[in-house]
Amino acid sequence: MQFMLLFSRQGKLRLQKWYVPLSDKEKKKITRELVQTVLARKPKMCSFLEWRDLKIVYKRYASLYFCCAIEDQDNELITLEIIHRYVELLDKYFGSVCELDIIFNFEKAYFILDEFLLGGEVQETSKKNVLKAIEQADLLQESGESRSPISIL
Amino acid sequence: MSDIVEKTLTALPGLFLQNQSVGGPAGVKASFSSRLGGLVRGITALTSKHEEEKLIQQELSSLKATVSAPTTTLKMMKECMVRLIYCEMLGYDASFGYIHAIKLAQQGNLLEKRVGYLAVSLFLHENHELLLLLVNTVVKDLQSTNLVEVCMALTIVSQIFPREMIPAVLPLIEDKLQHSKEIIRRKAVLALYKFYLIAPNQVQHIHIKFRKALCDRDVGVMAASLHIYFRMIKENSSGYKDLTGSFVTILKQVVGGKLPVDFNYHSVPAPWLQIQLLRILGLLGKDDQRTSELMYDVLDESLRRAELNHNVTYAILFECVHTVYSIYPKSELLEKAAKCIGKFVLSPKINLKYLGLKALTYVIQQDPTLALQHQMTIIECLDHPDPIIKRETLELLYRITNAQNVIVIVQKMLEYLHQSKEEYIIVNLVGKIAELAEKYAPDNAWFIQTMNAVFSVGGDVMHPDIPNNFMRLLAEGFDDETEDQQLRLYAVQSYLTLLDVENVFYPQKFLQVMSWVLGEYYYLLDKDTPEEVLTKLYKLLISDSVSSETKAWLIAAVTKLTSQAHSSNIVERLIQEFTVSLDTCMRQHAFELKHLCENVELMKTLLPVDKSCEDMVVDASLSFLDGFVAEELSQGAAPYKPHHQRQEEKFSQEKVLNFEPYGLSFSSSGFTGRQSPAGISLGSDISGNSAETGLKETNSLKLEGIKKLWGKEGYLPKKEGKTGDETEAPPVPQESIIMETVDQNITKKDQCQVHTQSKEEKEKQLLASSLFVGLGSESTINLLGKADTVSHKFRRKSKVKESKSEETTSAHMTCSYFGSSSEATYEDDYYLDTLQDRGDKELSKFSLNSELLDSESVTELPSVEKLSNCKLSSSPSLFTDNNMEGFHPSQSTAPSVANETSLAASLLEETSEHVHSDLVEVCHNETISVSSYKIWKDDCLIMVWSVSNKSGLKLKSANLEIAPAENFKITEQPGCCLPPTEAGSIKTFQYTVQMEEPFTEGNLSGFINYQMMDTPSVQLEFSINLSLLDFIRPLKISTENFGKLWLSFGNDVKQNVKVSESQAALPSALKTLQQKLRLHVVEIIGNEGLLACQLLPSIPCLLHFRVHGDVLALWFRSSCSPLPDYLLYQCQKVMEGS
C-alpha cells in the first residue's frame, strides 16, 4: 500500500498515513486532487479508481471516506476488507465509532493503524491481537504516568 | 458496519460536553483533549478559509513559543505535539516542531515517547536529515527490558529508518527474531522487510533467518515473513523453488481451517494470508511446469472452498484466478477459473463486474473465446454510467482489436476521449489509438482522420513518439510507392481543409505535423505555385497563438515550398517582416531564407523534393576548413581541445586547490592526506592525455556494443522479414468465415434466451458482431500477434507484390525461425494466419517448419549462405581481444555422462582463450540435453547454450528461444549454429547479454522445443541465474586517474572487517579478490591497496583497502549507488570464504 487517507464528506482530511517517501508538496497535491475525484463520484459507482498510475480503493462509512492507494498487482477487494477491518477495530476500540471520535482522538486512530498495518503491509489480522496490543500500551500509559514502567506483557 | 452512528458536526457541542463529563468510551481523558478540542472546535466554527488560516497561524506561533520555552514539561510537550500533528494535517507547516518530536521520543516516559515516535513517523520521511538523531534513541529502546519500548522502537524502524544507519541496529533486530513474545518477533521480521526494501544487500546474509521466521510456530510471524518472500521471489523466482512445497502445505492448512479462529475474518480463514500465498505461488509456478504441478491440487481446493457470497471470498477467488492463469496451464483449472470470471462479469455488484472485466483483460490473450462468451455484457459496460467501468471495457477491447473490428473500437475510444478531461487518461488513450491506427488502418482516409483526431485532442500532452512515428511512417512509406503517394496526398488535402476553417485553434504539435507534411508533400497536388498554402502558413506565422517552436517548423515549411516556387509575393513580404523581428531565431530563419532566395540553384540542391529519408553526404571532418586552421595555428592560436579534455583539465585544476580530498569523512577514517589515493594524484603530473586515454577506452567499449546491434548483419534478417510479409493473402475470405461463426454464436445465444428481442437488443448485437469479429478460434493468431510489442506498420504495406519468389519467403521463415526473439514466434503465427491453416496450432507450426527445413536442405537457400556469412564476418570481433589477467579457465568438473565430457572438451577447445564458467546442464530428457556456460568477455557477457542430441535419432525440427528479460538486453550472436537435427550432434547458441539496469540477481529463462519423426513436439524449459558479478570487469587505470576519479564519485560506502592472520598480508588478500571478483589491482602502497573495476558497459567503481592490525578497512566509491553496496557484500563473502 502506498498511502491511506481519511477525509470527511466536506473534504476535510482526518487522517493521513504515507508509506512511500514523498515531498510535502506532492502529498498536498495528491490529497487535494484525490479528495476532489473521490467526492465527485456517485454512490452507486464502483469503489475502485485508476488514478494517474495508481489504483485507488475507497469506501464511505457514514460521513467519512477511507481511501487507500495500492500498487498494480495488489488485490482491490482485499484492500476493501483492510479498510473494513480497520473500521471494525476503531469501532471496537471506541465503541460505536463516529467521525468525532477520530477527530478528537486521531492519535489513537494512528496507534491502532500502526498495530494493524506496518510499513504498508498487513501486520496483524486478528482483531483480538491488535486490540490487545493497544490496550496493553494504553494501560502502560496510565502506569507510566505514575512513573512505574513495569512490564506487564 | 453501516450502522455506525452518523453524528454530524451540528451535534458537536453537545457531544463534546458529554465527552468531558463521561470521559469518553475507552478512557479518553477530557483534560487531555481539551486543548486540542478547543482548537478543533474553533476551526469548525469558522466559515472562511481565510479565518482558518489566521487561527492556525496564531495557534502555531503560540505553540512555537511553548515548545522552545525551557519551562515546558514533557507532558505539555506531548500535548503540543498532538496539536502540531493536527495543524500539519490541515496543511500548515509545523517544521519547527520536528526536532522536539525527536526529543520527546528520546526523553519522555512511555506515554510521551509513544506520541513522540508517532509524530516522528508522521512528520519525517526516510531521507530527512533529522532522522539521524533518532538512531540512538532507537538503539536504546531496542535494548530496553520494557517490551512496550521495544515494540515502539521496532514499529518506528519498520516505518522510517535512514538507510545508511541500518548496520547500527541490524544485530539488535536479528536478536529479536529469537524473542519469546510473538509480537516482538513479528515486528522484527517486518523491520527486516523494510530493510530489504530500502537496502537489499544489507540483509542478504540473513536469508537463513527468514527461513526460520517462515517456520515460526506463530501464524503472525510466519505471515510477516511472507512479505519478504514475496519480494525476493518476485526478483528471482528460481532461487526459491524448493520452498514451493512449504507454501503449498501452509495454504492447504489455511484453506482447511487449521488456523486458530482468531484469524478468521467473517468466517473465512485468514484471507490475507491466503492471498499472499496465492500470489507467491503464482510467481513460483510461472513458466515452470514441474513447480506448477505441485500446486494444482491446492488451487483446485481454494476455488472449491470459496463459495460463500461475501466480498472476501471474491477477493480470494480473484487472486486464485490470477494465479491459475499465471502458472503453467492445466485445462481443468483453467475451465474452473473461466467460470469464476463469468461469475464476476455477470455479477450485479459493480465492484465485481469491474474486476471481472479486469480479469478478462488479463486472460484475453490466452483465451479470446472468453470474450465471445461475455460479449453482451461487454457491450453493456461500454455504455456504463461509471467512467471507470467504461475505461476498463475499452482496455479490454484494445486487447482484442484486429483489422476487422478496428474501426468500431477506435470510434468508441475516441468517444470516450472526447469526454475525459484528466490528462493522464488522455495521454494513455491517445497513445493506444495511435498504435491501433498504425497497426490496423483499413484505408488512407480513415487513418489520416483518426490521426487528426488524435492530434487535435491529444494535442500537447501526448507522447512525442506519436507525431514522430506518424511523420516517419509518411516519409519512409511501405512497399507500394503509389499507395504511399496517395496517403501523403490525402494528408496534404486534409490539412489544407483543416486550415481553411476559421477561428479554430489547433494544438502546437498538430500544427508542427501539418507544417512538416505540407512542406514535404505539397508538390503532390501538382499545382503550379504553392501560393495558396504559403498564404495559410503566413497567417499562422503572424498569429499570436502560435508558439515560437511551431513558428520554426512553419518557416521551415515555407523555405521548402519556396524552393519549388519561382517567386512569391508572400515570401517576399514574409522576409521583409521577419528580418526585423524581435525574435532572434525567427530573424535568423528569415535571413537564411532571404539568402537562399537569392541563390536559387543552391536552394534547390539544399532542399530537394521528397528526399526526407535519404542521407545527406556531409563532410564531418570539416576538411574544407583545414587551410584556415593551419593559418591560425601558424599565427600562434591554441590548438583545439575536445570538450571532455577541457572538462578534465578544469576538473584537475579544481583538485589542486582542494586540500581535503576526503571531505568530511576524512578525520574519521584516520588517514593522512599523503597516503590517501588522492594524495598520489596530487604528487604526480596532471596530464590531460592520460585522462583522455582512459576515456577513450570506455568510449571504444561503448561503440563496439552499438556496432553489433545496428550492424548490417543484424539488420538483414529484419529486412527480409518485411519482404516476407508480402505474401500475405487478402483477408477477405477469412473474414466471411469469421462472420459466420459470430452469427452462429449469436443464434446460439438467441436459442437459450427468451424470445424477447427489443430493437435496442438488436442494436447491441449488431455492435457485438462488429466488435467481436475475428475472435473465433481461427483467428487466435491475430490476437497472439498483439502480444508482440514491436509495432509493425500498416497492414497495407503487405499488399501483394507477388513477383517475389517463394524462395524469399521461405528464406525469411528460416531466418525468423532461428531467431531468438519472441517476434519469431509471432511471425510464424502470422504466416499461419495467411495460409489459413486452421488445424491444431502447434502441430501445424511444426509441420510448416519441417517443410521448410526440408526444402532448405534440397535447394540450399541464399539465406543459409547469408547466415554463414554473418558468422564468418562477425566471429573475429567475437573472439578477439582477450586480455583478462589473473584469471584462468577452470577445468570443468568431470561430467557423469560420457557424452557430456566430449561436449565440454569441445567447448573448452573453442573458448580456451576466454574466461568462462563451468559447463552446467540446465535441462535434459532422454532425447536432448541443454547445457550452458558463461563467457566473461571484456566488453560483455556471452551466454552459450549448447544443445546435444543424445537420442541417436534425427530430429525433425528444433528451436531454442530465450525469453526477453526485464533488466537485460539479449542479442543473438549471428554466428549461431543450426539446431541439432542430426543424431548425436552438438550445437551451440550464443547470446550477448547486456545489463540495462543495475540489479543484484536476475535470471534468464528460455525453452527448447523439438519434434522427432511422428511424435508431438516436446518443450523443455530452463533458466539461468545471473548476478551483478557477471558484469564486473577489471578497470585498468593508472594511480593518477584513480585519484581523479575517486574525487568525482559521490556514492561512498565504508566498512571495517575483521580478518584472520592469514589475510592480514594485504597482497595475498587482494590477490584473492582480484581472482574471485575480477578486480584490477591499481597499486599497493604499504598497508593500503587500490583496486578498480567497472560494471559493463562502463560504470567504474573504485576500491580502497587498508589493513590496520587485524582490521581491514574497506572503502568503495562509484558513480552508481547500488554498486558499492553490492561489491562490499561480495568482498565480505570472499573474505569469509577464504
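To find a chain, count down the sequence lines: A is the first, B the second, and so on, and within it residues start at 1.
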Under 4.0 Å between a side-chain nitrogen and a carboxylate oxygen: does that hold for B:E79 and B:R83?
yes
Under 4.5 Å from any heavy atom of chain A, what part of [X] do you find: side chain, backbone, both or neither?
X      : answer
B:P260 : neither
B:H384 : neither
B:D93  : neither

Out of [options], return the one with the most heavy atom pairs under 4.5 angstrom to chain B.
options                     : value
A:V20, A:L22, A:L118, A:T31 : A:L118
A:T79, A:T37, A:D114, A:L80 : A:D114
A:K127, A:K17, A:K27        : A:K17
A:E76, A:E33, A:K28, A:E50  : A:E50

Are B:F161 and B:L131 packed together at the side-chain level, in the sense that at least one heavy-atom pair is separated by less than 4.5 angstrom?
no
Does any non-hydrogen side-chain atom of B:C381 lie less than 4.5 Å from one of B:K390?
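Side chain of B:K390 against side chain of B:C381, heavy atoms only: no contact under 4.5 Å found.
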Just give me the residue among [options] that pairs up with chain A most often, heavy atom to heavy atom, under 4.5 Å.
options                       : value
B:S121, B:A224, B:G91, B:A270 : B:G91
B:E423, B:H322, B:K358        : B:K358
B:V427, B:V219, B:I388        : B:I388
B:L352, B:I275, B:N428        : B:I275
B:W272, B:F263, B:Y117, B:Y86 : B:W272
B:L122, B:L90, B:T155, B:V312 : B:L122

Can you say whether the rings of A:F66 and A:Y86 are parallel (under 30°), tilted (30 to 60°) or perpendicular (over 60°)?
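Answer is perpendicular, since the angle exceeds 60°.
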Counting only non-hydrogen atoms closer than 4.5 Å, does [X] touch chain B with its backbone (N, CA, C, O), its side chain (CB onward), both, or neither?
X      : result
A:Q73  : both
A:R41  : side chain
A:Q123 : both
A:K12  : side chain
A:I134 : both
A:L64  : neither
A:D24  : side chain

Mind jotting down which residue pairs meet the ring pair (Phe, Tyr, Trp, His ring centres under 6.0 Å) criterion with at least one end in residues 21-50 of chain A? Sequence neighbours excluded, please.
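Passing the test, one end in residues 21-50 of chain A: A:F48-B:Y354.
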Is a side-chain N or O of [X] found less than 3.5 angstrom from the main chain of [Y], in a donor-acceptor match?
X      : Y      : result
B:D218 : B:E182 : no
A:N105 : A:I102 : no
A:K55  : A:D72  : yes
B:E126 : B:I160 : no

Would B:Y424 and A:W51 count as a close aromatic pair, with their ring centres under 6.0 Å?
no
Between A:F7 and A:Y65, is the ring centroid distance below 6.0 Å?
yes
Find the distance between [atom1] ([X]) and [atom2] ([Y]) and round it off to the nearest 0.5 Å.
X      : Y      : atom1 : atom2 : result
A:L77  : B:N351 : CG    : CG    : 6.5 Å
B:S144 : B:L110 : OG    : CG    : 8.0 Å
B:L147 : B:M152 : CG    : CE    : 11.5 Å
B:I85  : A:Y110 : CD1   : OH    : 7.0 Å

Contact listing (chain A partner; residues 190-198 of chain B; heavy atom under 4.5 Å)
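Residues of residues 190-198 of chain B touching chain A at under 4.5 Å: B:L190, B:Y193.
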Is it true that B:E52 and B:Y92 share a donor-acceptor pair across their side chains at a distance under 3.5 Å?
yes
